[in-house]
Amino acid sequence: MKQFINLLAAVFLLFTAITGSAQNTRLRDNNSIGWYSGTGTFSFNKKWSGHLEYQWRRENYITTWQQSLLRTGINYHANSNTTLRMGYAWAETYAYGDYPLNAFGKTFTEHRIYEVATLTQRTGSLDLSHRIMLEQRWLPRYNSAASAKPDDWLFMNRARYMLRLQQSLKGKTLEDKEPYVAAYDEILVGFGKNVNENIFDQNRFGLLLGYRFSPKFRLEAGYISQIVQLAREISGRNVFQHNNGFILNSFFNINF
């Protein structure tokens with residue numbers, strides 16, 4: 001537990017350094033969010049499995065839409081500590097907050113191809129995981145508020161890194177019918193010719209309390225902070241969304 005507390009403090013300091021405090025050159029948009037997800041892993045054999053994930057993301061905790069996200073993929077388990085995945089993601093992003101992501105306040109659809117490498121390790125009783133993700137994104141572009149359909153599609157790249165710490169609350173390893181605590185921080189950065197001045201896309205920080213019911217099912221819930229920098233400026237000022245709220249994750253493992 002001491003290792004978990006020390007590393008959690010380091011993650012929090014990193015999160016604070018990345019996000020910083022609001023300055024006069026920034027516009028701040030505060031929102032209350034609720035993220036609810038279900039993730040299924042469908043094992044075909046020791047090396048291959050399928051991935052299916054849906055995230056129901058809401059503003060005002062649950063009353064209105066923030067985003068609907070569906071991911072599918074194929075996993076290759078190189079060894080007990082390394083998993084590689086490639087897949088497709090569909091996202092529907094809604095106009096929320098004082099400064100919507102789309103300049104015309106439109107709901108828009110995004111298509112992604114993604115590649116992921118997840119590396120796990122154990123330090124004493126502490127489990128660490130490193131998730132490295134690359135995304136190829138196709139986002140619609142509208143020339144005016146009157147455009148009913150996208151006038152063009154913009155291709156963008158994004159890189160993501162997430163560090164997650166997990167500590168069993170009963171013993172050195174997490175077993176069935178045992179609780180655990182977890183913390184994570186993820187930074188998302190855009191790159192490529194279509195990324196303008198803002199390569200920083202967003203940062204996510206979470207604190208979770210979980211319970212493993214069996215090898216087939218676990219559940220976790222807690223606090224999430226999402227900081228998003230808009231890709232455009234408003235009146236010459238950068239816009240940062242500060243989205244804070246509740247997160248609930250469920251995980252299913254099915255062996256075929």
Side-chain angles (χ1 to χ4, degrees), residues 8 11-12 15-16 18-19 22 27-41 51-73 87 89-102 105-112 114 116 129 131 133 135 137 139 158 160-166 169 179-188 200-213 217-231 239-253:
L8 177 58
V11 170
F12 180 76
F15 168 72
T16 304
I18 290 171
T19 58
L27 293 173
R28 183 182 179 115
D29 184 7
N30 296 313
N31 300 288
S32 299
I33 59 174
W35 284 14
Y36 313 92
S37 74
T39 301
T41 300
H51 178 89
L52 181 62
E53 172 187 355
Y54 178 70
Q55 297 199 21
W56 192 53
R57 297 175 175 176
R58 307 290 285 178
E59 191 203 5
N60 295 322
Y61 298 112
I62 199 168
T63 57
T64 55
W65 276 107
Q66 184 193 23
Q67 189 178 63
S68 177
L69 174 64
L70 175 69
R71 283 198 190 102
T72 62
W90 165 88
E92 189 83 358
T93 302
Y94 295 79
Y96 67 92
D98 296 331
Y99 306 100
L101 297 185
N102 180 272
K106 291 181 176 291
T107 296
F108 62 92
T109 301
E110 176 185 347
H111 302 279
R112 305 174 190 169
Y114 69 91
V116 181
S129 68
R131 190 181 76 176
M133 179 184 293
E135 294 175 314
R137 310 169 65 198
L139 294 99
R158 187 165 66 183
R160 306 170 56 163
Y161 169 72
M162 182 175 72
L163 171 65
R164 176 183 166 113
L165 318 173
Q166 183 172 299
L169 293 177
Y180 63 90
V181 291
Y184 69 87
D185 190 80
E186 182 177 22
I187 184 169
L188 296 80
F200 173 77
D201 183 82
Q202 59 183 281
N203 192 88
R204 302 173 183 175
F205 174 77
L207 293 172
L208 302 163
L209 176 64
Y211 191 85
R212 172 172 158 162
F213 292 86
F217 179 65
R218 64 184 173 91
L219 191 68
E220 59 186 33
Y223 164 79
I224 182 171
S225 171
Q226 180 197 32
I227 296 181
V228 182
Q229 181 176 10
L230 269 63
V239 180
F240 283 79
Q241 291 183 352
H242 290 254
N243 305 323
N244 298 280
F246 181 75
I247 187 169
L248 176 66
N249 300 323
S250 56
F251 302 90
F252 303 86
N253 295 298

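Just so you know, residue 1 is the first one in the sequence shown, and it goes up from there.
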Separation between CG of N203 and CG of L188, rounded to the nearest 0.5 Å:
8.0 Å

Atom CD1 of I187 and atom CZ of F200: how far apart are they, to the nearest 0.5 Å?
5.5 Å

Side-chain contact test, heavy atoms from C-beta onward, threshold under 4.5 Å: evaluate it for Y223 versus N244 and give yes or no.
yes

Under a plain distance cut-off of 3.5 Å, with no hydrogens placed, do Q226 and Q202 share a side-chain donor-acceptor pair?
yes

By ring-ring contact (aromatic ring centres under 6.0 Å, His included) - contacts of Y161 (at least two apart)
none

Can you tell me how far the CD1 atom of I224 sits from the CG atom of L208, to the nearest 0.5 Å?
8.5 Å

Residues L207 and A183: closest non-hydrogen pair is CD2-CB, 3.7 Å

Please find the pair of heavy atoms, one from A221 and one from F246, that lie closest to each other, and give the distance.
CB-CZ, 3.8 Å

Tightest non-hydrogen contact, residues E59 and G97, listed as OE2-N, 3.6 Å

Across all chains, not counting sequence neighbours, the side-chain hydrogen bond (donor to acceptor under 3.5 Å, both in side chains) partners of R160 are E135, E186

Short side-chain donor-acceptor distance under 3.5 Å, Q66 and Y96
yes

With rounding to the nearest 0.5 Å, note down the distance linking CG in D185 to CG in L163.
7.5 Å

So, using side chain to side chain contact (heavy atoms under 4.5 Å, CB included) as the criterion, who are the partners of A89 when residues are at least two apart?
L69, R71, R112, Y114

Keeping D29 on the side-chain end and Y99 on the backbone end, is there a donor-acceptor pair under 3.5 Å?
yes

Which heavy atom of L101 sits nearest to which heavy atom of F108, and what is that distance?
CB-CE2, 4.2 Å

Heavy-atom check, side chain of Q241 versus side chain of L230, under 4.5 Å
yes

Of the non-hydrogen atoms in K106 and N102, which two are nearest, and what is the gap between them?
N-OD1, 3.2 Å

Pairs touching residues 217-229 that satisfy salt bridge (charged side-chain N to carboxylate O under 4.0 Å, His left out), sequence neighbours left out
R164-E220, R218-E220

Do V181 and L165 come within less than 4.5 Å of each other through their side chains, counting heavy atoms only?
no

How far does OH of Y54 sit from OG of S37, to the nearest 0.5 angstrom?
11.0 Å

Separation between CG of L209 and CG of L169, rounded to the nearest 0.5 Å:
7.0 Å

Mind running side chain to side chain contact (heavy atoms under 4.5 Å, CB included) on E92 and T107 for me, showing each step along the way?
CA-CA 7 Å; E92 189 83 358; T107 296; 3.4 Å; yes

List for me each residue that meets side chain to side chain contact (heavy atoms under 4.5 Å, CB included) alongside F213, sequence neighbours excluded, and say none if there are none.
Y211, F217, L219

Within-4.5 Å side-chain heavy-atom neighbours: R28 and F240
no

Y36 and S250: side-chain donor and acceptor closer than 3.5 Å?
no

Who are the ring-ring contact (aromatic ring centres under 6.0 Å, His included) partners of Y94, not counting sequence neighbours?
W65

